[in-house]
Protein chains: 2
Amino acid sequence: MGITKSEIFTDRQNRIAMFAKVFGHPARVAILEHLFKIQTCVCGDLVEEIGLAQPTISQHLRELKQLGLIRGTIEGTRVCYCIDPEKWTAMKAVLYDFLDREAPGTECC
Amino acid sequence: MGITKSEIFTDRQNRIAMFAKVFGHPARVAILEHLFKIQTCVCGDLVEEIGLAQPTISQHLRELKQLGLIRGTIEGTRVCYCIDPEKWTAMKAVLYDFLDREAPGTECC
DNA sequence: TTTATTTATTGCAATATTACGATGATTAAA
DNA sequence: TTTAATCATCGTAATATTGCAATAAATAAA
């Protein structure tokens, strides 16, 4: 049905999935990488840097903003985006807690 | 159009997104957590453990298998699943390389 | 062989995602 | 005030994802 049954999972599992999902598209990965690279915040440069239409970039930026991973500041006719350091750290803690496991070396079954 | 323009991104960015995407659903998070918890591999228990229909679980298992993160071994009428340790480690390396950044403390713009 | 058990596959309905053109809103510049 | 520039939003088309009932496939048990 295209709709995720979030009710049957723990908050923790839903939180992990929510953060992972936002990285599940290369455009959002590229946006974040560019924001990390260009210390001073960027905005419409992302449209040129990445090869997608302006409304598409804007849509991806909104998803990142909704999770709090980036912030946008209006600067005249432009909008400057940057990583939110606290949120980035908090997100890392959630994902690392899930990812940082050692798979047992024993053979399967 | 619902279709991702993978061509315009680097292999690295696509790889990061591909791995992150598979964790972007709580059912797959739950499956992996259960496989980590129950050392000895499980199969249809996942259907009971998680509250989704058998075909749905089977579909999620297939996605994990396609990325190589889990393996399935036929045992009579059952199929035993387990984490692939090498693939798990390789996946971690890819995601950590992306996630493990320090956001600059400087203010936005 | 027949029946049960277990998992994969197929087909489908409902919803979500991706992408973009058109347009609106806001502000700077002329 | 008018025009240009920049970004967000709306509307829409195409595709993807999620979930399940029905069914097939494979093997164990009777």
Side-chain angles (χ1 to χ4, degrees), chain A residues 1-9 13-14 17-31 34-35 41-67 70-82 108-109, chain B residues 1-9 13-14 17-31 34-35 41-67 70-82 108-109:
Chain A
M1 310 170 176
I3 194 168
T4 298
K5 284 189 161 184
S6 310
E7 332 84 61
I8 67 174
F9 303 103
Q13 288 165 339
N14 282 316
M18 195 183 61
F19 278 129
K21 195 175 188 177
V22 88
F23 301 129
H25 193 289
R28 292 189 288 267
V29 171
I31 287 173
H34 199 252
L35 286 182
C41 310
V42 203
C43 35
D45 302 330
L46 288 164
V47 176
E48 262 192 80
E49 180 70 19
I50 306 168
L52 291 171
Q54 180 265 320
T56 308
I57 296 291
S58 197
Q59 198 171 331
H60 285 301
L61 285 169
R62 187 171 53 180
E63 290 181 59
L64 290 167
K65 206 160 40 172
Q66 272 168 353
L67 277 194
I70 64 173
R71 280 184 307 207
T73 318
I74 298 173
E75 294 257 315
T77 66
R78 305 167 154 236
V79 177
C80 269
Y81 284 101
C82 63
C108 191
C109 309
Chain B
M1 312 168 178
I3 194 167
T4 297
K5 285 190 159 183
S6 310
E7 331 85 62
I8 67 173
F9 302 102
Q13 288 165 339
N14 283 315
M18 195 184 60
F19 278 128
K21 196 176 187 177
V22 87
F23 301 129
H25 193 290
R28 294 189 287 267
V29 171
I31 286 172
H34 199 253
L35 285 182
C41 310
V42 205
C43 34
D45 302 329
L46 287 164
V47 176
E48 261 192 80
E49 180 70 18
I50 306 167
L52 292 171
Q54 180 266 320
T56 307
I57 296 291
S58 196
Q59 198 172 332
H60 285 302
L61 285 169
R62 188 169 55 180
E63 289 181 61
L64 290 166
K65 205 160 43 173
Q66 272 169 352
L67 277 194
I70 65 173
R71 282 184 308 207
T73 319
I74 298 173
E75 294 258 317
T77 66
R78 307 167 152 234
V79 178
C80 268
Y81 284 101
C82 63
C108 191
C109 307

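Chain A is the first sequence line, chain B the second, and so forth, proteins listed ahead of strands; every chain is numbered from 1.
Atom CG in A:Leu46 sits about 17 Å away from atom C1' in C:dA19, given to the nearest Å. Distance CD (B:Gln59) to P (D:dA22): 17 Å, rounded to an integer number of Å. For the pair A:Lys5 NZ and D:dT17 P, the interatomic distance rounds to 20 Å; values are reported in whole Å. Taking atom NE2 on A:His25 and atom C1' on D:dA16, their separation rounds to 11 Å, with Å as the unit. D:dA5 atom C1' lies 15 Å from atom CD1 of A:Ile74, rounded to whole Å. Here D:dG19 presents its P atom at 10 Å from CD1 of B:Ile31, a figure rounded to the nearest Å. Residue A:Glu63 contributes atom CD, which lies 13 Å from atom P of C:dA16 at whole-angstrom precision. In this structure, A:Tyr81 places its OH atom 11 Å from C1' of D:dT6, rounding to the nearest Å.
Mapped onto DNA chain D by nearest heavy atom, B:Ala27 and B:Gly76 fall at different nucleotides, with B:Ala27 at the one closer to the 5' end. Nucleotides of DNA chain C nearest to A:Thr77 and A:Lys21 differ in position, and the one nearer the 5' end is that of A:Lys21.
The structure places NE2 of A:His34 at 15.0 Å from OH of A:Tyr81, a figure rounded to the nearest 0.5 Å. Considering CG of A:Leu64 and NE2 of A:His25, their distance stands at 11.5 Å, rounded to 0.5 Å.
In this structure, B:Pro26 and A:Thr4 approach most closely via the heavy-atom pair CG-CG2, 3.8 Å. The shortest non-hydrogen separation linking A:Ala27 to A:Leu52 is CB-CD1, 3.8 Å.
Considering only side-chain N and O atoms, B:His60 lies nowhere under 4.0 angstrom from the phosphate OP1 or OP2 of D:dT17. Between A:Arg78 and the phosphate of C:dA28, there is no side-chain N or O to OP1/OP2 separation shorter than 4.0 Å.
With sequence neighbours excluded, the residues satisfying side chain to side chain contact (heavy atoms under 4.5 Å, CB included) with A:Ser58 are A:Gln54.
Contacts between residues 48-58 of chain A and DNA chain C, defined by a heavy-atom separation below 4.0 Å, involve A:Leu52, A:Ala53, A:Pro55, A:Thr56, listed by number.
Within 6.0 Å of CD1 in B:Ile8 there are more than 12 heavy atoms belonging to other residues, nucleotides or ligands. Atom CD of A:Glu48 has 12 or fewer heavy atoms from other residues, nucleotides or ligands within 6.0 Å.
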